[in-house]
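What follows is a short report on a single structure.
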Amino acid sequence: QVQLVESGGGLVQAGGSLRLSCAASGRTSSDYTMAWFRQAPGKEREFVAGISWTAGSTTDYVDSVKGRFIISRDNAKNTIFLQMNSLKPEDTAIYYCAVRTGALVRAAYDYWGQGTQVTVSS
C-alpha cells in the first residue's frame, strides 16, 4: 500500500500562483510514476501533469496547463510538487495526487490521495 497526502490548495485570484505538494509513504518504489489529476464540479477527472521517478525523469502535461504549471519531485522525501502559475478560473477543481508502477501514462493509476481544493476567483 502507498499513502498519499496532498497539501497546498487554497483560494487565489486569477493570475496568481499556488504550489501543491504530495508526500508518498508506505511501499514506495524506484519505478513509481506520480501524477496530478483534477476534477471540477460536474466534470470528469482529468490528467494534469505527471513525472516519472527514474533518473532523467520525463514529464507530461495536459495542453491546457503547458507553460503555466511545472511538476517536480524530491526523491529523498518521496514528494512531488505542482507549481501553478498564471492561474485561471477554469483551473478551479479538486486536485488529486496519484501513483502507478511503471511508465508515465495518463491513466491506470493505482493509489490516490484525498485531494486538495484549488479555487481561482476572477
Side-chain angles (χ1 to χ4, degrees):
Q1 288 286 343
V2 176
Q3 293 77 44
L4 301 171
V5 178
E6 304 104 332
S7 61
L11 173 64
V12 65
Q13 289 188 332
S17 298
L18 282 174
R19 189 190 194 211
L20 305 183
S21 300
C22 174
S25 61
R27 295 184 60 185
T28 55
S29 169
S30 61
D31 63 347
Y32 273 3
T33 289
M34 296 186 72
W36 290 97
F37 289 74
R38 66 186 179 187
Q39 187 166 21
K43 295 187 178 181
E44 293 186 355
R45 186 168 56 191
E46 68 168 346
F47 173 90
V48 175
I51 185 166
S52 64
W53 213 250
T54 56
S57 60
T58 57
T59 58
D60 184 28
Y61 298 90
V62 68
D63 286 348
S64 60
V65 307
K66 284 181 179 177
R68 300 188 298 123
F69 291 10
I70 300 171
I71 190 170
S72 61
R73 70 180 195 210
D74 181 335
N75 285 358
K77 297 182 178 179
N78 284 335
T79 299
I80 62 169
F81 306 95
L82 186 67
Q83 178 66 44
M84 305 186 294
N85 302 318
S86 302
L87 282 161
K88 304 175 180 180
E90 50 263 44
D91 294 317
T92 295
I94 299 174
Y95 283 70
Y96 297 92
C97 177
V99 166
R100 71 182 304 274
T101 300
L104 173 56
V105 294
R106 297 188 175 190
Y109 281 72
D110 303 307
Y111 302 100
W112 295 83
Q114 292 188 331
T116 185
Q117 177 70 48
V118 171
T119 303
V120 184
S121 63
S122 58

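Sequential numbering from 1 along the given sequence is applied to the chain's residues.
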Supply the atom-to-atom distance [X] [atom1] to [Y] [atom2], rounded to the nearest 0.5 angstrom.
| X | Y | atom1 | atom2 | value |
| --- | --- | --- | --- | --- |
| D91 | S64 | CG | OG | 7.0 Å |
| I71 | D60 | CD1 | CG | 9.5 Å |
| Q83 | S21 | CD | OG | 9.5 Å |
| C22 | R73 | SG | CZ | 14.5 Å |

**Study point:** Pair V118-R38, side chain to side chain contact (heavy atoms under 4.5 Å, CB included): steps then yes or no
**Key:** CA-CA 9 Å; V118 171; R38 66 186 179 187; over 6 Å; no
Exercise for review: Grab the two heavy atoms, one from A14 and one from S122, that are nearest each other, plus how far apart they are.
Suggested key: CB-CA, 4.3 Å
Exercise for review: Decide if atom CD of Q117 counts as having more than 12 heavy atoms of other residues, nucleotides or ligands within a radius under 6.0 Å.
Suggested key: yes
Taking the side chain as every heavy atom from C-beta outward, state whether [X] and [Y] have any pair of such atoms under 4.5 Å apart.
| X | Y | result |
| --- | --- | --- |
| L4 | V2 | yes |
| V12 | M84 | no |
| N78 | Y32 | no |
| F81 | D74 | yes |

Exercise for review: Please report the C-alpha distance between V105 and F47 in whole Å, then the side-chain angles of each, then the deciding distance to 0.1 Å, and finally whether the side chain to side chain contact (heavy atoms under 4.5 Å, CB included) criterion is met.
Suggested key: CA-CA 9 Å; V105 294; F47 173 90; over 6 Å; no
Review point. Going through the checks in order, is the side chain to side chain contact (heavy atoms under 4.5 Å, CB included) test met by R45 and Y96?
Key: CA-CA 9 Å; R45 186 168 56 191; Y96 297 92; 4.2 Å; yes
Looking at [Y], is its backbone amide N or carbonyl O close enough to the side chain of [X] to form a donor-acceptor pair, meaning the two atoms are under 3.5 Å apart?
| X | Y | result |
| --- | --- | --- |
| T119 | T92 | no |
| R106 | Y61 | yes |
| T33 | R100 | no |

Exercise for review: Determine, step by step, whether L20 and E6 satisfy the side chain to side chain contact (heavy atoms under 4.5 Å, CB included) criterion, reporting the C-alpha distance in whole Å, the side-chain angles of both residues, the deciding distance to 0.1 Å, and the verdict.
Suggested key: CA-CA 7 Å; L20 305 183; E6 304 104 332; over 6 Å; no
Kindly work out whether a path of hydrophobic side-chain contacts (I/L/V/M/F/W/Y, heavy atoms less than 4.5 Å apart) joins [X] to [Y].
| X | Y | value |
| --- | --- | --- |
| I80 | L18 | yes |
| I51 | I70 | yes |
| Y95 | V62 | yes |
| V48 | Y109 | no |

Check your understanding: What about F37 and W112, are their ring centers closer than 6.0 Å?
Key -> yes
Check your understanding: Looking at residues at least two apart in the chain, or sitting in another chain, which of them share a salt bridge (charged side-chain N to carboxylate O under 4.0 Å, His left out) with K66?
Key -> D63
**Study point:** Non-neighbouring partners of R19 that pass salt bridge (charged side-chain N to carboxylate O under 4.0 Å, His left out), sequence neighbours left out
**Key:** none
